[in-house]
Each structure stands twice: as C-alpha cells, then as structure tokens.
Amino acid sequence: MSNSSITPEDTATARKILYATGPAHQAFGQSRAAYFVIPRRTLQSMPAEWQERFVSLIAEARASLPADGFPTYQATRLNDGRYASDPHRRYRHTGPLPALPASATPVAPKDPLAGAFVYPPTDF
C-alpha cells in the first residue's frame, strides 16, 4: 500500500489503536494511574544526555499536540493515602539524587509508569 492511498480515516484509526495499545499504555501496566509525575530533582539528577532527550521529546510533543494537553497542575505527595512531606520539593537546596553504587542491582519495574499518580475520579 503506497502512502498516497492512506486515507485520513486510516490515519485516525491508527492513532486510536496506538493510543489504546502503544508503548506508553503498556508502560502503565494494569495500574489505574491517569498521570505520570516526575520530580524536577529526579530529572536534574539524570545524565545530561538523558535530560537533553527528555526536554527534546517534550518540546516535540508541545509542538505537535494542542496546548490543553499540557495544563498546569499542582502535585501533592501522598504516602499510603496520607499527605506526606516531600523531600524533592526543595530541589534547589538538596542537590542531585545519589547514583546507585556500581555493585547494586537496580530494580527495573515491569510497568515503569504504573502507579505514579492515581487520579481520584472526582469532578468539580
């Protein structure tokens, strides 16, 4: 099938399928999380190459998606459903997160985006 025979309906269907089954969807696993939140301190603790890739990808997304896809939010840390102190909030004073020692075996989660931020189904 040549590109000239791909209809807008085909493209719309492909986008819907990617949305419902793509890598981001899979990374959330069985979680009901509606958001993925990364502390600024975590991002700034990553190697420069990763930071550059992350910022570049977000810039591409902002250029390709509507502005309402990037609204302003306020995040509050919870621990076992209760408000908790957030050690990452003071990113200017705490410095980068320490890297794992070379001898450590990192725990790679099966679903890397799961449970990051579960949105309670409350409409205002």
Side-chain angles (χ1 to χ4, degrees):
M1 179 186 283
S2 70
N3 286 345
S4 61
S5 63
I6 297 175
T7 67
E9 291 81 14
D10 293 337
T11 302
T13 299
R15 282 182 49 97
K16 288 178 184 177
I17 291 170
L18 176 64
Y19 180 84
T21 64
H25 176 78
Q26 296 298 319
F28 276 99
Q30 296 298 313
S31 138
R32 292 243 189 235
Y35 298 88
F36 181 65
V37 177
I38 303 172
R40 179 177 179 161
R41 183 177 178 212
T42 301
L43 290 172
Q44 289 183 194
S45 296
M46 292 179 183
E49 179 186 337
W50 297 5
Q51 291 182 43
E52 289 170 5
R53 288 180 5 218
F54 179 86
V55 170
S56 177
L57 288 169
I58 295 301
E60 282 185 57
R62 285 183 179 268
S64 301
L65 298 170
D68 64 357
F70 300 90
T72 300
Y73 287 95
Q74 179 174 333
T76 303
R77 184 176 177 153
L78 300 176
N79 188 3
D80 293 327
R82 303 181 84 123
Y83 292 114
S85 175
D86 187 351
H88 301 296
R89 190 174 74 82
R90 297 177 48 89
Y91 65 90
R92 292 181 186 173
H93 306 287
T94 54
L97 293 166
L100 290 175
S103 62
T105 305
V107 178
K110 178 181 162 266
D111 302 318
L113 303 183
F117 189 99
V118 180
Y119 179 72
T122 305
D123 291 324
F124 294 95

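For reference, positions follow the sequence shown, starting with 1. Basis for what follows: all heavy atoms, side chains included, without hydrogens, waters or symmetry-related copies.
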Q: List the atom of Phe28, the atom of Tyr35, and the distance in Å for their closest heavy-atom pair.
A: CE2-O, 3.8 Å

**Q.** Considering all heavy atoms, the nearest Thr94-Pro87 contact
**A.** CG2-O, 3.9 Å

Q. Quick one: are Val37 and Tyr73 in side-chain contact, heavy atoms under 4.5 Å?
A. no

Q) In a check of side chain to side chain contact (heavy atoms under 4.5 Å, CB included) between Ser45 and each of Pro39, Pro96, Pro98, which one passes? A) Pro96

Q) Roughly how far, to the nearest 0.5 Å, is the CD1 atom of Ile6 from the OG1 atom of Thr11? A) 6.0 Å

**Q.** Gln44 side, atom CD; Arg92 side, atom CZ - distance, nearest 0.5 Å
**A.** 10.0 Å

Q) Just wondering, more than 12 heavy atoms not from Arg77 lying within 6.0 Å of its CZ? A) yes

With the 4.5 Å side-chain cut-off for hydrophobic clustering, are [X] and [Y] part of the same group?
X: Trp50; Y: Ile38; result: yes
X: Phe36; Y: Phe54; result: yes
X: Leu43; Y: Ile58; result: yes

Q. Does the Ser56 side chain pair with the main chain of Glu52, one donor and one acceptor, at a distance under 3.5 Å?
A. no

For residues 19-26, dump all side-chain donor-acceptor pairs below 3.5 Å to protein atoms at least two apart in sequence or in another chain.
residue	atom	partner	partner atom	Å
Thr21	OG1	Ile17	O	2.6
His25	NE2	Ala20	O	3.2
Gln26	NE2	Thr21	O	3.3

Q. Does a side chain donor of either Thr13 or Asp10 reach within less than 3.5 Å of an acceptor in the other side chain?
A. no

